[in-house]
Structures are given as C-alpha cells and as structure tokens.
Number of protein chains: 2
Amino acid sequence: MSGTAGGAPARARLSRPAEITRRGLVDAATAVFAQHGFSGGSVRLITTKAKANQAAITYHFGGKEGLYREVLIAARDAFEKMGLLDEEGARTLPREEALRLFLRQYLLPLVKRNQFSRYLRIFAWETLSPTAVALKLSAERPFPMVVLSSRIVERFLPAGTSRRDGLVATLWLANQPMTFVRNAELLSREPFNLSFDAASVDELVETLAGLCLGGLGGSGPVRHG
Amino acid sequence: MSGTAGGAPARARLSRPAEITRRGLVDAATAVFAQHGFSGGSVRLITTKAKANQAAITYHFGGKEGLYREVLIAARDAFEKMGLLDEEGARTLPREEALRLFLRQYLLPLVKRNQFSRYLRIFAWETLSPTAVALKLSAERPFPMVVLSSRIVERFLPAGTSRRDGLVATLWLANQPMTFVRNAELLSREPFNLSFDAASVDELVETLAGLCLGGLGGSGPVRHG
DNA sequence: TTCCGCCTCAAACGAACGTTTGAATTTCAA
DNA sequence: TTGAAATTCAAACGTTCGTTTGAGGCGGAA
C-alpha cells in the first residue's frame with residue numbers, strides 16, 4: 001500500500017488514469033455527501049457512482065474521511081473563488097445589499113442543481129452536526145460562510161456590542177439561510193408549496209431579509225430600492 | 001410473538017413487571033435518542049441501559065421505530081402539560097413576553113439536565129432531519145413548538161401578511177432557539193465560552209429576543225421592563 | 001523485452017446494526 | 001395448585017458498514 005493519502009502534493013496531469021479515478025471519486029462523493037451527509041453517505045454508493053473499486057478510496061485518500069476532506073476543500077475553494085459575495089463585498093457594499101447577497105448565495109441551491117449547490121447542501125449538513133473533519137479544516141482556515149456572516153454582522157451591531165453578542169449574532173446569521181436549505185424538502189410540500197423556481201427564491205430572500213433586518217417587529221418584508 | 005406493539009391500550013398498573021420493563025426501555029431510549037438522535041441511537045445501548053433484553057423492544061414496541069414513537073408521544077405530552085408557555089399564553093400575554101417565554105422554554109435545556117431537557121434535544125434532532133415517525137405523529141397532532149411559534153408569529157406580522165410569509169416566519173421562529181440547542185457543544189468551547197448557567201441562558205434569551213424582535217437593524221438586545 | 005512501481009480488482013474481514021428464533025421462565029386467573 | 005398466556009432470555013440471523021487483502025494488470029524506463 002502506497003497511496004497518496006495526503007493532501008494534493010503536486011499531482012500529475014489529469015490525463016493520467018489514476019488522476020481520472022481520483023476526480024471521479026471526488027465528484028461522486030460530492031453528490032453522495034450532499035444528498036446523505038457524511039455519516040449517511042456510504043463508500044459503496046460513491047464507488048458505484050464513480051465506477052471505481054471500493055479499495056480505491058483507501059488507496060487514494062486514506063479512507064472515507066480523507067475523501068470527505070478533499071470534497072470540503074474543493075467546496076471551500078469554490079466559494080472563495082466564485083461566490084456572489086466575497087469578503088471585500090461584505091465590507092464595502094451597502095450593508096443591506098451585502099446581507100441580501102449573503103442570503104441569496106446560501107439560498108440559491110434551492111433552485112439550482114449544480115456542483116455549487118451540492119457544496120451548499122454539504123455545508124447545511126455541517127451546520128446540523130459538524131464532523132471532526134470539517135472542524136479541523138475550519139480551524140486551519142475558516143469557511144467563507146462564517147467569515148462573511150461575521151463581516152456583515154459587525155456592520156449592523158452597534159459599536160459597543162460585546163464580543164459574545166457579536167459571536168452569537170454571527171452564528172445566528174449563518175444559520176438563517178441554512179434553516180431553509182435543510183428544510184427544502186419540507187418547504188416544497190404541503191402546506192408551504194414553495195416551488196423553488198428563481199422567482200420563489202427571490203421572494204424567500206426578501207422575506208428572510210425582512211426578518212433578519214427588522215426582526216418580527218419590522219413592518220414585513222423590506223423591499224428593494 | 002404477541003407483544004403489545006400498538007400504542008398504549010389501557011395497560012395495567014405500573015407494578016406489573018412487564019410494565020416496569022416498558023418504562024425502563026422508554027426512559028433509556030429517551031436518554032439515548034437525546035444524545036445520539038434516532039438513527040444514531042442503537043437498540044443495544046438502550047437495552048443495556050435499561051437492563052433489558054434486545055428482543056424486548058420488538059416484543060413491546062414492535063421495533064425501534066415503535067419505541068421512538070412512544071418517546072415522542074411522551075415528549076409532546078410533557079410539553080403540552082408542563083411547558084413555561086401554553087397556547088393560551090401565546091395568545092393572551094404581551095407578545096414580547098410570549099416571545100421571551102418561547103425562547104426561554106426552548107433554550108433552557110442548555111443548562112438543565114432533566115427529562116424535560118432530553119425531550120428538547122430530541123426536538124432539536126428532529127429540526128435537523130425529521131424522521132418519518134415524527135412527521136406522521138406531527139400530522140396527527142402538531143407539536144407544541146410549531147403551534148406556539150405560529151401563534152406568536154401571527155401576533156407580530158401585519159394583518160395583510162400572506163399565508164406563505166406566515167408559514168415561513170413560523171418555520172423561521174421555531175428554528176431560532178433550536179440553532180443554539182444544536183450548537184450547545186460549540187457554544188461551550190472557544191471562542192464562545194458560554195458556560196450555560198442560569199445567568200448566561202438569560203443573556204442568550206435577551207440577545208436572541210433582540211435579534212428576533214428587531215432583527216440586525218434593532219438597537220442591540222432589548223431589555224426587560 | 002524485461003522489470004518494477006503504480007494502480008485496480010474481486011473478494012473477504014470484522015464490527016455494528018435491527019430483528020428473529022425458540023426454548024425457558026414468570027405471571028396471573030381459574 | 002394448575003395450566004395457558006405473557007414475558008424474558010441467550011443466541012443467532014441477515015444486512016450494511018468501512019476497511020483490508022493479495023493477486024493481477026498496466027505503463028514507462030532500462
């Protein structure tokens with residue numbers, strides 16, 4: 001046994017057969033973990049999807065956890081490079097607009113069905129019950145969702161807010177869209193009947209923005225412009 | 001095989017040995033499911049705790065799901081009979097006070113370690129990924145948390161609010177305290193260091209009440225009186 | 001062509017899961 | 001006290017899980 005179980009040490013070109021196997025496993029794992037979570041996603045399902053052998057996971061990634069780690073790193077990278085909102089936007093945009101972009105970014109997977117949305121569903125699983133893998137990864141470098149939530153929150157809370165209240169509000173804001181991502185299934189059925197086309201996600205963003213901006217005391221959804 | 005796998009059809013007095021086994025299993029299951037969730041809690045752990053035989057679960061409850069159903073029913077009954085806030089209170093108390101009681105009721109398990117708090121942690125698991133058992137039970141008669149959330153929300157939202165927005169807000173409010181119950185472990189460590197004594201839960205209730213009442217746009221935590 | 005390291009493969013391993021079996025025991029009314 | 005029903009018990013069943021095994025295929029440098 002001599003797999004490359006470590007991270008990604010200067011791997012060779014994608015045409016190499018072994019690299020194709022790696023990529024296939026990571027892609028399949030992304031889909032499976034998005035649907036079933038880490039503990040619920042089985043390596044047998046992943047290898048079947050990837051048309052690879054079960055032993056390949058141990059060989060290439062050292063095990064299920066190593067493979068999940070690769071998926072999480074790809075997810076973090078994707079959000080850092082391709083998100084609707086980056087850290088600078090969270091600091092410089094009008095704060096209400098930054099909040100809306102934040103909510104939209106983390107509600108869009110309700111309608112889209114691409115790689116990006118799979119990453120988001122994995123994050124939703126992590127906000128349920130964080131895995132050891134994600135906690136370790138997050139300790140090395142925080143995930144964009146947490147960073148953005150923090151940046152936005154600090155633009156709303158008054159200057160004298162205690163550190164504790166700031167942390168609580170950051171955790172709170174990060175969980176606002178995730179609540180609905182987790183309950184997407186529920187929202188699509190009776191009695192909600194949210195169809196999750198682009199328009200209904202827009203509505204949800206506005207409703208949620210209204211709650212986050214004004215709380216229950218606010219005068220309903222806050223409209224643009 | 002001739003167990004009483006059905007609900008609770010006029011069972012005999014508690015002194016009956018079989019009834020002691022039943023109660024022991026339900027109590028042990030409550031603790032185990034609170035800690036590990038339904039799918040994560042094993043019947044072996046439950047029967048060990050209850051000093052009962054594994055087959056007893058199938059015999060008395062028809063299986064793991066039947067046992068969980070009993071636990072959920074006990075939890076629902078407990079909240080309906082002993083909660084800080086009942087449906088009438090949610091309708092008649094000053095709405096801010098009703099909201100605070102709601103939040104307090106569902107944040108208290110962070111500090112208490114009794115049967116009541118175990119029920120709440122089970123609800124927290126259910127808000128993560130609802131089990132089929134709970135969905136069915138909830139369809140027959142909704143759980144107090146949902147009913148109370150709905151009653152409170154409808155006292156805040158303006159009269160013209162759409163049915164959809166009302167449902168979304170109800171789901172939203174019900175998830176506000178659960179976010180922190182789920183993340184209790186996280187909150188007790190760095191960088192939060194919330195110790196979860198009575199006082200820090202009071203603070204958390206106030207912080208969260210401020211966010212729910214005024215949103216991020218509110219002027220920080222809203223104080224009593 | 002030969003050889004060696006990288007990689008894949010079918011198969012099996014050991015552990016954990018919920019459930020079932022069938023005999024033994026206990027309970028309780030007659 | 002007796003006998004049938006209710007309940008308990010140790011053991012095993014069948015499935016799924018993540019991982020390991022060891023043989024074999026493959027490709028590129030010598």
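Quick note on labels: first sequence line is chain A, next is B, and so on, each numbered from 1.
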Do the side-chain N or O atoms of H60(B) get closer than 4.0 angstrom to the phosphate oxygens (OP1, OP2) of dT8(D)?
yes
E19(A) CD - dT8(C) C1' separation (whole Å):
15 Å
On DNA chain D, does the nearest nucleotide to K51(B) precede the nearest nucleotide to Q54(B) from the 5' side, or the other way round? Give the residue.
K51(B)
Contacts of R76(B) meeting side chain to side chain donor-acceptor pair (under 3.5 Å) (sequence neighbours excluded), chain-then-number -> none
Side-chain donor-acceptor pairs under 3.5 Å in residues 25-36 of chain B, sequence neighbours left out?
from   : atom 1 : to     : atom 2 : distance (Å)
T30(B) : OG1    : V26(B) : O      : 2.7
H36(B) : ND1    : V32(B) : O      : 3.4

Residue pairs meeting salt bridge (charged side-chain N to carboxylate O under 4.0 Å, His left out), one or both in residues 59-68 of chain A, sequence neighbours left out, come to none
Do any N or O atoms of the protein come closer than 3.5 Å to N or O atoms of nucleotides 2-4 of chain D, and which pairs are they?
none

Atom-to-atom span, OH of Y68(B) to P of dG18(C) - whole angstrom:
14 Å
Near-strand residues of residues 28-42 of chain A, defined as heavy-atom separation under 4.0 angstrom from DNA chain D
G41(A), S42(A)
Can you measure N53(A) atom CG to dT19(D) atom P for me and round it to whole angstrom units?
14 Å
F180(B): what forms a ring pair (Phe, Tyr, Trp, His ring centres under 6.0 Å) with it, not counting sequence neighbours?
none
Return the value, rounded to whole Å, for the distance between atom CG of L67(B) and atom C1' of dT19(C).
14 Å
Please tell me which of the listed nucleotides, dA10(C), dG18(C), dT7(D), lies nearest to the side chain of A18(B)?
dT7(D)
Please tabulate, for side-chain N and O atoms in residues 185-194 of chain A, each donor-acceptor pair with protein atoms closer than 3.5 Å (sequence neighbours left out).
from    : atom 1 : to      : atom 2 : distance (Å)
S188(A) : OG     : E185(A) : O      : 2.7
E190(A) : OE2    : N193(A) : ND2    : 3.4

In whole angstroms, the gap separating P of dT7(D) from CD1 of I57(B) amounts to 16 Å
Which one, dT21(D), dG18(C), dT7(D), comes nearest to the side chain of K64(B)?
dG18(C)
Please enumerate all residues that pass side-chain contact (heavy atoms from CB on, under 4.5 Å) together with N175(A), with sequence neighbours excluded.
T127(A), L171(A), R182(A), T179(B), R182(B), N183(B)
Distances for protein N/O vs nucleotides 13-15 of chain D N/O pairs under 3.5 angstrom?
none

Of the nucleotides dA10(C), dT8(D), dG18(D), which one has an atom closest to the side chain of Y59(B)?
dT8(D)
If the condition is side chain to side chain donor-acceptor pair (under 3.5 Å), which residues does Y106(A) pass it with, not counting sequence neighbours?
none
Report the nucleotide, chosen from dC9(D), dA10(C), dG18(C), that has the shortest atom-to-atom distance to any side-chain atom of A55(A).
dA10(C)
Between P of dC17(D) and CD1 of I46(A), the distance in whole Å
11 Å
side-chain contact (heavy atoms from CB on, under 4.5 Å) against V111(B), all qualifying residues, sequence neighbours excluded
L108(B), V201(B)
Should the pair D86(A)-K81(A) be classified as a salt bridge under the 4.0 Å nitrogen-to-oxygen rule?
no
Listing request: all salt bridge (charged side-chain N to carboxylate O under 4.0 Å, His left out) pairs with a residue in residues 116-129 of chain B, at least two apart in sequence or in separate chains.
none
OP1 or OP2 of dT8(C) versus the side-chain N and O atoms of T21(A): is any pair under 4.0 Å?
yes
Would you check if the side chain of T48(B) reaches a backbone N or O of R44(B) as a donor-acceptor pair within less than 3.5 Å?
yes
Indicate yes or no for a side-chain donor-acceptor contact from E70(A) to the backbone of F61(A) under 3.5 Å, with no hydrogens or angles considered.
no
Interatomic distance where CG belongs to L25(A) and P belongs to dC9(C) [whole Å]:
10 Å
Could you tell me the separation between the CZ atom of F61(A) and the C1' atom of dC7(C), rounded to a whole number of Å?
13 Å
